[in-house]
K.L.:
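After the structure tokens below, expect a handful of questions from me.
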Amino acid sequence: MKFSRKLLVLPPVLAGIGLFATVALTGDRSVVSTPRERATLVRSLRVEPSRVVPAAIGLGSVEPARTWRAAAEVSGRVQSVHPRLQVGEILSAGSELVRIDPSEYELRVARLEADLRSIEAERDKLRIGVENTESSLEVARASLAFAERELARLEGLGEGGVVSTSSVDAQEQAVLRERASVVELESAQRTAAADEAVFDAKHAATAAQLAEARLSLDRTVVVAPFDLRVASVAVQASQFVAVGASLLEGDGIEVAEVRVALSVDDARRLLPPARREALLQHADTAFPWEELGIDATVRFASGGSEPAWTARLARVAGFTDVGTRTVTFVAAVDDAYRGAAASGRPPLARGMFVEVTFTGDALEQRLSVPRHAVRAGAVFVVDTESRLEVRPVAVDFFQGGDAVLRGGLRAGDEIVLTDLIPAIPGMLLEPASDAR
């Protein structure tokens, strides 16, 4: 029985030896089957152009666009304060906030007004005297002219022996008196003009003092220059304040600002491609940043809700930290307080920590691929023969999980998402489409 089993194994062995001998002697390899190339199964994605909206997110604290610090411009005892002058209260423009006792300044104004009236009366009196002097001088000049004509007449008669020499001499004395009178009045006229100039200067100096006194009187009342939210109060009724003493601080409620530090890469993708480098390197606060079309949304997380405000890009402050390569974008929210109660959201007050999303102008017909599909500046592409092609690409910017390309791919190209180890150009692939 055992012998018969050994005989059963022998024929297959002999057949194999015969086949090997035939191949070795004839060189005919057709009897041996060639192994088929195996395709590697990969996840793939067909790239199509789409609309890309550049966006960047940052965090920052709310600050008012305008702040106001009220300091005492005159000294005195505080007579009254606004009944609602408390931290957090919102007061309208023109509201009287603090009044300092004006008595001392009212007295000074009254005294200077009296001094000014006295100077004006003295100046009027002087002007009357000047007018009288001018009238007298006119009469004296006429009298002198008459006396001179009479003297000439008498001198002519004296040469003919009609009048005596004593008559001529007497007339000469009369002419001299008239001349002296004219000289005296002319001197009085010049003196009056000088006195009038002195009174004018005195009047101007007193008027300036009066204007200063009235200004000080006006400064005894402190009013809100714009609608504001009271940030701090350092004054109370009956308190004596010196010049320069801090009274209160207020934040404007018209516009709230958020300063957000963005990385240079985030900032670049928000700016227009043709101008981004120039704007980043030479950021100018005078540049009309609002014309770039960059919008912003401010969000504040509070108790499970996320109230949002529509904002705008107010300005770009340029590089704030060369070491960390950040750029400060300033978002502005208009009317940050108005309508807060009706909308159920809190007002954007100083110190609130918020998230700001900036969005730039949409880029039409742009190709983008998953970020992880870009490997060392290249993308794996499935060619028309289902083989691997390593295609260099130019990345415009990264956003979230995507890489937005500037070149290298064409619409309709099929890219490989699977990590191939090893990735051999020309290797056969079996792509399985992956929906994005």
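Heavy-atom basis, side chains included; hydrogens, waters and symmetry copies ignored.
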K.L.:
Between A314 and A332, which heavy-atom pair has the shortest distance, and what is it?
P.N.:
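Residues A314 and A332, closest heavy atoms: CB-CB, 3.8 Å.
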K.L.:
For a 4.5 angstrom cut-off between non-hydrogen side-chain atoms, does R375 reach D419?
P.N.:
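Yes - at least one pair of side-chain heavy atoms lies under 4.5 Å apart.
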K.L.:
Where the side chain of E364 meets the backbone of P49, is there a donor-acceptor pair that is under 3.5 Å apart?
P.N.:
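No.
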K.L.:
Using modelled atom types and a 3.5 Å cut-off, is there a donor and acceptor pairing between side-chain atoms of R391 and backbone atoms of G408?
P.N.:
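Yes, because the side chain of R391 sits within donor-acceptor range (under 3.5 Å) of the backbone of G408.
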K.L.:
Look up atom CZ in R299 and atom OG1 in T357, then write down how far apart they are to the nearest 0.5 Å.
P.N.:
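Here the rounded value is 5.0 Å.
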K.L.:
Is there a side-chain contact (heavy atoms from CB on, under 4.5 Å) between R315 and E257 once you walk through the steps?
P.N.:
CA-CA 10 Å; R315 61 189 178 278; E257 292 185 345; 3.0 Å; yes
K.L.:
If you define the side chain from C-beta out and look only at heavy atoms, does anything of T67 sit under 4.5 Å from R69?
P.N.:
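No, their side chains stay 4.5 Å or more apart.
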K.L.:
Would you say the side-chain atoms of S103 and D101 include a donor-acceptor pair closer than 3.5 Å?
P.N.:
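Result is yes, a qualifying pair exists.
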K.L.:
Give, for atom CD1 of I57 and atom OG1 of T359, the distance between the pair rounded to the nearest 0.5 Å.
P.N.:
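The distance works out to 10.5 Å.
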K.L.:
Other residues, nucleotides and ligands only: do more than 12 of their heavy atoms fall within 6.0 Å of CZ on R410?
P.N.:
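No, the 6.0 Å shell around CZ holds no more than 12 heavy atoms from other groups.
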K.L.:
Answer yes or no: is there a side-chain heavy-atom contact under 4.5 Å between E96 and S80?
P.N.:
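Touching, per the 4.5 Å side-chain cut-off.
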K.L.:
Please round to the nearest 0.5 Å and tell me the distance separating atom CZ of R66 and atom CG of L228.
P.N.:
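Output value for this atom pair is 9.5 Å.
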K.L.:
Give a yes or no on whether the backbone of L97 and the side-chain of R99 come within a donor-acceptor separation of less than 3.5 Å.
P.N.:
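Checking the backbone N and O of L97 against the side chain of R99, no donor-acceptor pair under 3.5 Å is found.
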K.L.:
Is the cationic atom of R229 (NZ for Lys, CZ for Arg) positioned less than 6.0 Å from the six-membered ring centroid of Y337 and within 45 degrees of its normal?
P.N.:
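Relative to the ring axis of Y337, which defines the angle, R229 lies outside at least one limit.
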K.L.:
Taking all heavy atoms of L409 and all of V369, pick out the closest pair and write down the distance.
P.N.:
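Where L409 meets V369 most closely, the heavy atoms are CD1-CG1, 3.8 Å.
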K.L.:
So, S216 side chain and E212 main chain: donor-acceptor pair closer than 3.5 Å or not?
P.N.:
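Yes.
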K.L.:
Main chain of A72, side chain of R219: is a donor-acceptor contact present, judged purely on distance under 3.5 Å?
P.N.:
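Side chain of R219 to backbone of A72, a donor-acceptor pair under 3.5 Å: no, none is there.
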K.L.:
Less than 4.5 Å apart, side chain to side chain, heavy atoms only: is that true for Q236 and V81?
P.N.:
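No, side chains not in contact.
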K.L.:
Is a side-chain donor or acceptor of R46 paired with a backbone partner of E414 at a separation under 3.5 angstrom?
P.N.:
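No; judged by distance alone, with no hydrogens or angles, the pair does not exist.
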K.L.:
Could you work out, with ring pair (Phe, Tyr, Trp, His ring centres under 6.0 Å) as the rule, every residue matching F358, not counting sequence neighbours?
P.N.:
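With neighbours one apart ignored, the set is F329.
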K.L.:
Evaluate whether atom CD of E120 has more than 12 neighbouring non-hydrogen atoms of other residues, nucleotides or ligands under 6.0 angstrom away.
P.N.:
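More than 12 within 6.0 Å, yes.
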K.L.:
Quick check: do D402 and R371 have side-chain heavy atoms less than 4.5 Å from each other?
P.N.:
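Result no, sub-4.5 Å side-chain heavy-atom pair not found.
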K.L.:
Working to the nearest 0.5 Å, report the span between CZ of R269 and CG of L363.
P.N.:
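Output value for this atom pair is 11.5 Å.
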K.L.:
Is R84 reaching over with its side chain to a backbone N or O of I90, donor-acceptor style, under 3.5 angstrom?
P.N.:
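Yes, because the side chain of R84 sits within donor-acceptor range (under 3.5 Å) of the backbone of I90.
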K.L.:
Looking at F397, is R268 sitting on its ring face, NZ or CZ under 6.0 Å from the six-membered ring centre and within 45 degrees of the normal?
P.N.:
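Geometry flag: not set, cation outside 6.0 Å or 45°.
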K.L.:
One pair to check against side-chain contact (heavy atoms from CB on, under 4.5 Å): V62 and V298. What are the steps and the verdict?
P.N.:
CA-CA 10 Å; V62 176; V298 176; 5.6 Å; no
K.L.:
Step by step, work out the side-chain contact (heavy atoms from CB on, under 4.5 Å) result for V230 and Q86.
P.N.:
CA-CA 6 Å; V230 180; Q86 300 176 10; over 6 Å; no
K.L.:
Could you tell me whether a side-chain N or O of R214 sits under 3.5 Å from a main-chain N or O of V109, the two making a donor and an acceptor?
P.N.:
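Checked: no pair found.
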K.L.:
Heavy-atom distance under 4.5 Å between the side chains of I253 and P347, does that happen here?
P.N.:
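No; the side chains remain at least 4.5 Å from each other.
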K.L.:
Nearest 0.5 Å, what's the CG-CD distance between D334 and E254?
P.N.:
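Reported value, rounded in 0.5 Å steps: 10.0 Å.
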K.L.:
What's the separation between atom CG in L420 and atom CZ in F380, rounded to the nearest 0.5 Å?
P.N.:
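Answer rounded to 0.5 Å: 6.0 Å.
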K.L.:
Are V222 and E73 close enough, and set up right, to give a side-chain contact (heavy atoms from CB on, under 4.5 Å), and what steps lead you there?
P.N.:
CA-CA 9 Å; V222 179; E73 296 181 273; over 6 Å; no
K.L.:
Do you know the tightest heavy-atom contact between L429 and R387?
P.N.:
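That would be CD1-C, 4.1 Å.
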K.L.:
Is any NZ, NE, NH1 or NH2 atom of the basic residue among E63 and R350 found under 4.0 Å from an Asp or Glu carboxylate oxygen of the other?
P.N.:
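Judged by the 4.0 Å cut-off on N to carboxylate O distance, E63 and R350 do form a salt bridge.
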K.L.:
Ignoring hydrogens and angles, tell me if any N or O in the side chain of T206 forms a donor-acceptor pair with the backbone of H203 under 3.5 Å.
P.N.:
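No; judged by distance alone, with no hydrogens or angles, the pair does not exist.
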K.L.:
Does any non-hydrogen side-chain atom of V379 lie less than 4.5 Å from one of D413?
P.N.:
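Of all side-chain heavy-atom pairs linking V379 with D413, none is under 4.5 Å.
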K.L.:
Quick check: do V395 and L405 have side-chain heavy atoms less than 4.5 Å from each other?
P.N.:
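Sidechains of L405 and V395: in contact.
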K.L.:
Using every non-hydrogen atom in the two residues, find where Q399 and P54 come nearest and quote the distance to one decimal.
P.N.:
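Minimum heavy-atom separation between Q399 and P54: OE1-CA, 3.1 Å.
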K.L.:
What's the shortest heavy-atom distance between A296 and V356, and which atoms?
P.N.:
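For A296 and V356, the tightest heavy-atom pair comes out as CB-CG1, 4.2 Å.
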K.L.:
Looking at every non-hydrogen atom in both residues, tell me the closest pair between G360 and V53 and how far apart they are.
P.N.:
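Looks like O-CG1, 3.9 Å.
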